[in-house]
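Quantities reported herein were computed from a predicted structural model and do not represent experimental measurements. Letters A, B, ... are given to chains in the order of the sequence lines, protein chains preceding strands, and every chain is numbered from 1.
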Protein chains: 2
Amino acid sequence: MRENIYLQIYTEYSNRIHSGQLAPGTKLPSESELAEAYKTSRETVRKALNLLFREGYINKIKGKGSFVLDMTRMDFPVTGLISFQEMSGTLGVPSRTLVEETVLEPAGSLLARQLHIAEETPVWKVIRAREIEGERIILDKDYFRSDIVPLLSKEIAAGSIYEYLETDLGLKISYAKKLISVEPSTGEDQRLLDLKQYQHIVVVRNYVYLENTVLFQYTESRHRLDKFQFVDFARRVRR
Amino acid sequence: MRENIYLQIYTEYSNRIHSGQLAPGTKLPSESELAEAYKTSRETVRKALNLLFREGYINKIKGKGSFVLDMTRMDFPVTGLISFQEMSGTLGVPSRTLVEETVLEPAGSLLARQLHIAEETPVWKVIRAREIEGERIILDKDYFRSDIVPLLSKEIAAGSIYEYLETDLGLKISYAKKLISVEPSTGEDQRLLDLKQYQHIVVVRNYVYLENTVLFQYTESRHRLDKFQFVDFARRVRR
DNA sequence: AAGTGGTCTAGACCACGTA
DNA sequence: ACGTGGTCTAGACCACTTC
């Protein structure tokens, strides 16, 4: 039996909405009609529609139907940082990554507390500056537990570390917590970034957990004030 | 027939996890066991567990079971601003709201663009300063479409506007988009807040939509740099 | 009354983890 | 082999909207 019918329906419709093929306001076929069209049950269709709903692609109104929302007003991505990854993905913005450091060293007291490990545990430390349109704007400081990530080369750091972790190491990332705050900039910030006159810097602390709830990565992403933007889309939960 | 069994299960377990009655790491009963215990079907139980999963209360591992996550490490709320509402809710932090202005006036060009309405349309404007531990730290500027919110008194503004909108006016809030950025502070900020030496201010723009996808409220929440913090919990979506 | 989405049922088969 | 969660089915009844 083919599986993940609901993901297939979700993907097809999210693509059509993304591409503009389905204009905002368009009414989707009813759940029963979709079930028939995909030769599946209504509950399976509902799973797909609920995904689209949760991510802001459509709105569902009882008694009326499901309607395409205006994603263009939402900018992108629906939730997350408008930062290096996204900026460099968008058309024609020249950007590059400067790997400043890739070392294996003992965690130390501060980091040991962040990662909930012993101070002596060796930890991979990767420091990268992100240059966008000729300006070094973001400083990424990544720390990985070395018992989980045995090797990290400069080459890997220059590319996508996440791809390496998921496809090569087979790690299953489950969830992450972000903490955003504004803090005075450090000497390191001033040395590695083009900070202009700004005395403060936006710090995004990221705690990444594996499926087995092990916290294996801690990241500090330090953004120049004027280039920082964060988007959050939230459905209101009724209880 | 009793309805919303899944919400009942969700509420019971989220409460137990919140209160610490269910310690982190605890294994929940299996889905079949829960279905039997609540005299319902497995799919209904799964609906409840998926809610708990999405909100970071539990982790689900195929073949093993569902496990309580450590919420205390997560601070609170799971996603959102650590700001006035939350701060004032926590024990013993003295705080109050100063209503600076409650007027009905034409939208004007800037606001007309934000709310997607005509410039002449009257709009309720509510300006409130939030004082925490004797310092005015947050400036909330709320704008409501007057065709949807007919009346807004100073008394309502001093309390919870959302409660008024939902219970008294029966408005159904569906979703909201937040945009966070850092900007130079204005004269108004300096006049109404205790800004200290800070030249910049964290601006949280909030766009609130009703169930029928009408954008009816635009809010600017302006936070003093050093008192701003935002938390985001995100499950990694696998596609 | 007809059509829509919201909830629920009582099964089924599969993939994964543990023993 | 067994228990676990992940997906799916083919129905059912309900609440809401529209006609």
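The distance between atom CZ of B:Arg46 and atom P of C:dT7, rounded to the nearest whole Å, is 16 Å. The distance from atom NZ of B:Lys47 to atom C1' of C:dG6 is 6 Å, rounded to the nearest whole Å. Distance, A:Phe67 CZ to D:dT18 C1': 12 Å, rounded to whole Å. Following rounding to the nearest Å, A:Asn50 (CG) and D:dC8 (P) show an atom-to-atom distance of 14 Å. Rounding to whole angstrom units, CG of residue A:Leu49 and P of D:dC8 are separated by 14 Å. Following rounding to the nearest Å, B:Gln8 (CD) and C:dT7 (P) show an atom-to-atom distance of 14 Å. B:Tyr38 places its OH atom 17 Å from the C1' atom of C:dC8, with the value rounded to the nearest Å. Atom pair B:Phe53:CZ and D:dT4:P shows a separation of 19 Å (rounding to whole Å applied).
You'll find the ring centres of A:Tyr207 and A:Tyr218 inside the 6.0 Å limit.
An OP1 or OP2 oxygen of C:dG3 is reached within less than 4.0 angstrom by no side-chain nitrogen or oxygen of A:Ser30. Under 4.0 angstrom from either OP1 or OP2 of C:dC8 there lies no side-chain N or O belonging to B:Ser41. Of the side-chain N and O atoms in B:Ser66, one or more sit less than 4.0 angstrom from OP1 or OP2 of D:dG5. When the side-chain nitrogen and oxygen atoms of B:Lys64 are compared with OP1 and OP2 of C:dC16, none of them lie within a distance under 4.0 Å. Applying the 4.0 Å criterion to OP1 and OP2 of D:dG6, one finds that B:Lys60 has a side-chain N or O inside that range.
You'll find that the side chain of B:Glu31 is closest to D:dG5, out of C:dG6, D:dG5, D:dT4. The side chain of A:Arg42 lies closest to C:dT7 when the candidates are D:dT17, C:dT7, D:dG5. Side chain of B:Asn4, nearest nucleotide from C:dT7, C:dG5, C:dT18: C:dT7. Ranking D:dT7, D:dG5, C:dG5 by closeness to the A:Tyr6 side chain, first place goes to D:dT7. Considering only side-chain atoms of B:Glu33, the nucleotide from D:dT7, C:dC8, D:dT4 that sits closest is D:dT4. Distances were taken from every side-chain heavy atom of A:Ile5 (C-beta onward) to each of C:dT9, D:dT7, D:dC8; the shortest belongs to D:dC8.
If you check the side chains of A:Gln217 and A:Tyr209, you find no donor sitting under 3.5 Å from an acceptor.
Among the atoms of the strands shown, only primed sugar atoms or phosphate atoms (P, OP1, OP2) are found under 4.0 Å from some heavy atom of B:Ile61.
Salt bridge status for A:Glu12 with A:Arg16: present, with a side-chain N to carboxylate O gap under 4.0 Å.
Evaluation of the side-chain hydrogen bond (donor to acceptor under 3.5 Å, both in side chains) rule for B:Thr26 yields no partner, not counting sequence neighbours.
A:Asn59 CG to A:Leu69 CG: the interatomic distance, rounded to the nearest 0.5 Å, is 5.0 Å.
Residue B:Glu105 qualifies as enclosed at atom CD: its count of foreign heavy atoms under 6.0 Å is above 12.
Comparing B:Glu43 and B:Ser32 by the nucleotide of DNA chain D whose heavy atom lies nearest to each, the residue mapping closer to the 5' end is B:Ser32.
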